[in-house]
Amino acid sequence: MSVTLKLYNTLNREKTAFQPIDADNVRMYVCGPTVYDFAHIGNARPAIVFDVLFRLLRHVYGDSHVTYARNITDVDDKINARALRDFPHLPLNDAIHAVTEKTAKQFHADVAALGCLEPTVEPRATDNIEQMVAIIEKLIGNGHAYVAEGEVLFDTRSMTDYGQLSKRPLDEQQAGIRIAVDAHKKNPGDFVLWKLSSDNEPGWESPWGRGRPGWHIECSAMSNRYLGEVFDIHGGGLDLIFPHHENEIAQSRCAHGTEVMANVWMHNGFVQVEGRKMSKSDGNFVTVNQLLATQDFGGRQWPGEILRLAMLMTHYREPIDFSIKRLEEAERLLAKWPAADASDTAPCPIIIDALADDLNTVAAVQRLHALAQEANADATLLPMFAASATLLGVLPEKTEVDEALAGAVDALVAMRLEMLKAKNFAEADRIRDELSAKGIQLKDGKDAATGERMTTWEVKR
RNA sequence: GGCCUCGUGGCGGAGUGGUGACGCAGAGGACUGCAAAUCCUUGCACCCGAGUUCGAUUCUCGGCGAGGCCUCCA
């Protein structure tokens, strides 16, 4: 294991060498989507960022020695609201199912288009209710949770070092400053583990009656089930640090009696629009699907590889201002990169080092671009380029050209050269335009030895 | 109010106590019948102030500015 990974850890705000608990099974958990609506491009950032990390971990520790869990939250009051709005004629459970299935499917399509590998496991909240109930029972049993007015609440005062991740000690918080504190809470910071459901809300039987889980308990239950009580890396967006991750930590550590929940906590920065956070509630968002499939942004569609590269051109902890200009730059870069077959050659060491340094995709992309230029001039570098691009998930796909088409194009190219010799420029340009319209780009060069015009062509991407 | 980021050319962004990479765009040129591609050349920047120092963009402090969390949020 010659590569030393360094990762910035939100727990101590330091970049430190990564030491897996078990190098044979490196475990990473990333908070996935709540499936009630289309994912916007900001939601896509963690998917891409941690996909790169997943690829890097697989490279370093071996494909079969990394477990990446990304959940799907399919229990949430927003989902209920959406179900009632969009499928009022269906029974509630069917309506909810319709919403979550449709949204999850869309999410998978979006993320696939962005070049993300599938996580090792993708648990759903609804499949893990039992596990949540078990953890809640444990928390009640060991005095970290209490029942009040039909809710089960986590007792934040019962955990002496609550607030470590967000550096937000309990007594310094101004809980209730912006929302009224519920009277039944022992402490303002206490949060819901389980709440009762009315007849028109989804619910599961539990020791506390028919109800549904609070938001934070889902991730504690699922990460525990698939990765164990303590695992290596937990990721998500910056805005999840508080309260979501803080509360996950509280639940998991108090339930299992562990010192930490995950060793390394990683958080990606926001995607911004005109300097402001893109968010659903502010309404200033562009969905991945809009970018991929509509002309809503910049009057055109944007292939997933462009979106992905645009994302990787900024370090994951920095904010990104999402703009047409940056997408166009990503497109220009990609256009200059050779298409190549995937290769099992070793990736460029400079790129591995860059990624190993807290996922420095900026440096990695710059080096990849240089490597692409080198490979354009020297085909023996193509396999290394391909392997490196694959590590970043940005390998341009080789467009298959069938022989009939290739033959036809070659014939037209030859004909054009004849027209040129005859100084019939109008006809030569017509052929060039005709091919261009079909997506064939001609490139005129000079034969180094003879000085004769040589024309090559490629399929435009 | 508390806590946390960040501030380098048009844009994306390196970097260092001793006058600042690189990429994209721009400009000029070569090539070309023209264009594209390619190649060469090139202009433009370290938020402000004080301090430390022989010397700071880089260190310290203070401003100013931007953003985020403290409520659902990637």
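Computed from a predicted model, the values in this text were never measured in an experiment. Every chain is numbered from 1, with letters handed out A, B, ... down the list of sequences.
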task = Determine the Euclidean distance between corresponding C1' atoms of U60(B) and G2(B); express it in Å to zero decimal places.
result = 24 Å

key: Interatomic distance at P, G18(B) relative to A56(B), whole Å   = 11 Å

Report all side-chain donor-acceptor pairs from residues 363-374 of chain A shorter than 3.5 Å, counting only partners two or more places apart or in another chain.
unit_1, atom_1, unit_2, atom_2, d
Arg367(A), NH1, Glu374(A), OE2, 3.2
His369(A), ND1, Trp337(A), NE1, 3.0

query = side-chain hydrogen bond (donor to acceptor under 3.5 Å, both in side chains): which pairs involve residues 27-39 of chain A, sequence neighbours left out?
reply = Tyr29(A)-Asn71(A)

request  = Look at Asp76(A) together with Arg212(A) and state whether they make a salt bridge at an N to O cut-off of under 4.0 Å.
outcome  = no

key: Pairing pattern in dot-bracket form [Watson-Crick, G-U; both distances under 3.5 Å; | = partner strand] for RNA chain B   = (((((((..(((.....[...))).(((((.......)))))....(((((..]....))))))))))))....

inquiry  = With rounding to the closest Å, how many angstrom separate the P atoms on G9(B) and A21(B)?
reply    = 14 Å

query = With nearest nucleotides of RNA chain B determined for Ser281(A) and Lys277(A) from heavy-atom distances, which residue corresponds to the more 5′ nucleotide?
reply = Lys277(A)

query = From the list G10(B), C24(B), G13(B), which nucleotide is the closest neighbour of the side chain of Gln366(A)?
reply = G13(B)

request  = State, to 0.1 Å, how close Thr4(A) and Ala17(A) come at their nearest heavy-atom pair, and which atoms those are.
outcome  = CG2-CB, 4.1 Å

task = Kindly state which residues belonging to residues 262-270 of chain A come within less than 4.0 angstrom of RNA chain B, counting heavy atoms of the residue only, listed by number.
result = Asn268(A), Gly269(A), Phe270(A)

Distance below 4.0 Å between Arg326(A) side-chain N/O and A25(B) OP1 or OP2 = no

request  = Taking atom C1' in both U57(B) and A45(B), compute the distance separating them and give it to the nearest angstrom.
outcome  = 10 Å

ask   = Is it true that Phe297(A) and Phe322(A) have ring centroids separated by less than 6.0 Å?
value = yes

ask   = With no hydrogens and no angle check, is any side-chain donor or acceptor of Thr103(A) less than 3.5 Å from a backbone partner on Thr100(A)?
value = no

inquiry  = Distance check, P atoms only: A36(B) and A25(B), in whole angstrom units.
reply    = 12 Å

key: Partner residues of His267(A) under the ring-ring contact (aromatic ring centres under 6.0 Å, His included) criterion, sequence neighbours left out   = His245(A)

Atom pair distance, as rounded to whole Å: CG in Leu368(A) and C1' in C22(B) = 14 Å

ask   = Could you write nucleotides 34-45 of chain B as a row of B, S and -, 5' to 3', where a protein heavy atom under 4.0 Å of any base atom gives B, of only sugar-phosphate atoms gives S, and otherwise -?
value = BBBB--------

